[in-house]
Colleague: 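Sharing a structure here in structure tokens format.
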Amino acid sequence: MLKLLAIGDVVGDCGVDFLVKKLPAFIKENNIDFTVVNGENALPGSGISLNITEDILSAGADCVTLGNHAFNKKDVEKAFDRYPDRIIRPFNYDGSLEGEGYTILDAKGWRIGVVNLVGRIYLTPVNCPFLAMDKALDYLKDRTDIIIADFHAEATSEKKAFGYYVDGRVSAVFGTHTHTPTADEQVLPGGTGFITDIGMTGATDSVLGLKKEISIGRIVHHKRSRFDWADTNPAMMGAIFLVDEHTGKCHSVERIKVIE
Ligand SMILES: [Fe+2]
Ligand SMILES: [Fe+2]
């Protein structure tokens with residue numbers, strides 16, 4: 001069995017600092033074989049840089065995935081150039097954009113395919129993530145032992161439908177983007193481990209990572225104040241998928257939340 005860890009959106013300095021502090025020991029203590037971290041909000045104000053990509057990889061991530069904020073900061077292109085197989089952006093974005101939408105990495109000699117996709121409901125319309133996944137699988141299925149997908153989407157319905165759409169064809173699907181974990185982790189009938197959202201890594205005393213005063217000001221008083229990220233009560237949230245490397249089937253999904 002392989003133990004695959006997925007960590008939810010790392011938000012701002014607080015999230016990066018907490019990940020760097022907690023992830024190495026968590027990987028060791030839990031005998032994790034492969035780790036994917038969503039880093040789309042790692043820079044304060046969203047996006048990611050080369051330096052922060054390196055911080056996340058050094059902390060133990062094998063692969064960094066992104067989402068709708070993938071291209072918010074231009075520095076991400078340096079990360080794609082430096083680590084073309086270790087940081088990926090949604091595959092269903094325009095193919096002419098920088099970066100790759102899937103990658104193949106190694107875990108204990110097994111080939112792990114990771115796919116990143118972004119949803120279309122309540123987000124900017126992009127190419128169909130379902131058909132894009134079919135295309136990614138056409139390439140990956142004969143070249144990998146295990147396939148994991150980070151489906152970065154807002155609507156729970158779209159994420160759940162995606163899970164069933166690929167059930168039996170991939171080992172694990174985890175949702176990201178809402179920064180709020182869901183309690184619906186399960187193994188689908190075809191053997192795909194699934195959870196609608198794995199939550200976030202960063203300040204929990206916040207509104208999805210944003211300072212609560214700023215969020216209240218924007219929502220209640222229509223203040224257009226700039227985003228400012230919270231830094232209190234950090235947590236690292238995610239899920240562990242136990243996968244049979246010989247069949248690619250998932251045996252169990254467990255939600256995790258690490259606090260101080
Ligand atoms: Fe996010
Ligand atoms: Fe997002």
Side-chain angles (χ1 to χ4, degrees), residues 5-19 23 35-49 52-53 55-56 61 63-73 75-76 79-80 87-94 97 99 101 114-127 129 132-133 148-160 162 173-182 195-212 214-215 218-219 226-231 234-239 255-257:
L5 171 66
I7 296 290
D9 306 25
V10 178
V11 182
D13 293 344
C14 174
V16 174
D17 291 349
F18 197 65
L19 183 92
L23 186 59
T35 302
V36 182
V37 174
N38 186 293
E40 73 139 12
N41 307 111
L43 272 181
S46 82
I48 196 165
S49 63
I52 290 181
T53 301
D55 288 345
I56 296 174
C63 183
V64 176
T65 50
L66 298 168
N68 56 311
H69 294 303
F71 293 99
N72 281 24
K73 300 280 161 40
D75 204 62
V76 72
F80 290 142
I87 175 167
I88 56 175
R89 48 80 171 169
F91 181 53
N92 52 326
Y93 275 168
D94 189 312
L97 287 168
V114 187
V115 187
N116 191 193
L117 295 152
V118 69
R120 298 196 290 187
I121 299 177
Y122 309 129
L123 287 169
T124 307
V126 289
N127 296 327
M133 187 64 178
I148 318 167
D150 172 355
F151 188 34
H152 191 86
E154 179 76 34
T156 50
S157 56
E158 190 180 19
K159 291 196 249 195
K160 193 87 193 219
F162 183 85
V173 173
F174 61 94
T176 56
H177 174 72
T178 69
H179 296 195
T180 304
T182 56
I195 178 168
T196 295
D197 205 293
I198 54 172
M200 62 175 264
T201 298
T204 56
D205 189 15
S206 72
V207 177
L208 313 183
L210 191 66
K211 274 190 178 163
K212 50 190 180 293
I214 291 188
S215 187
R218 292 175 74 95
I219 291 168
R226 60 183 276 275
F227 285 104
D228 198 5
W229 303 95
D231 55 9
M236 181 176 82
M237 303 179 203
R255 251 181 305 137
I256 63 115
K257 181 177 176 181

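Note that the coordinates shown come from a computational prediction; the quantities given were computed from them, not determined experimentally. The residues of the chain are indexed from 1 along the displayed sequence. One-based numbering, in listed order, for ligands and for the atoms of each.
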Colleague: For residues Asn41 and Ser46, is any side-chain donor paired with an opposing acceptor at under 3.5 Å?
Modeller: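 Absent: no donor and acceptor within the cut-off.
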Colleague: Are side-chain N/O atoms of Asp150 and Thr176 paired as donor and acceptor at under 3.5 Å?
Modeller: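 A pair is found: one side chain offers a donor N or O, the other an acceptor, under 3.5 Å apart.
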Colleague: Quick one: angle His152 NE2 - the Fe ion (ligand 2) - His177 ND1, to the nearest 10°?
Modeller: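 Angle NE2(His152)-the Fe ion (ligand 2)-ND1(His177): 90°, rounded to 10°.
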Colleague: Under 2.8 Å from the Fe ion (ligand 1), is there any N, O or S atom belonging to Asn38?
Modeller: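 No, outside the cut-off.
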Colleague: What orientation do His177 and His152 show, parallel under 30°, tilted 30 to 60°, or perpendicular over 60°?
Modeller: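 Perpendicular: the ring planes of His177 and His152 meet at over 60°.
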Colleague: What N/O/S atom of Asp9 gets nearest to the Fe ion (ligand 1)?
Modeller: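 The Asp9 atom nearest to the Fe ion (ligand 1), restricting to N, O or S, is OD2.
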Colleague: Distance check below 2.8 Å: does His179 bring an N, O or S atom to the Fe ion (ligand 1)?
Modeller: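 For His179, the answer is yes, given that an N, O or S atom comes within less than 2.8 Å of the Fe ion (ligand 1).
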Colleague: Would you call the rings of Trp229 and Phe227 parallel, tilted or perpendicular, taking 30° and 60° as the class edges?
Modeller: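 It falls in the parallel class, under 30°.
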Colleague: Is the shortest heavy-atom distance from the side chain of Phe80 to the side chain of Leu66 under 4.5 Å?
Modeller: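 Counting from C-beta outward, Phe80 and Leu66 do come under 4.5 Å.
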Colleague: If you stand at the Fe ion (ligand 2) and look out to OD1 of Asn68 and OE2 of Glu40, what angle do those two lines make, to 10°?
Modeller: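 Centred on the Fe ion (ligand 2), the OD1/OE2 angle is 110° (to 10°).
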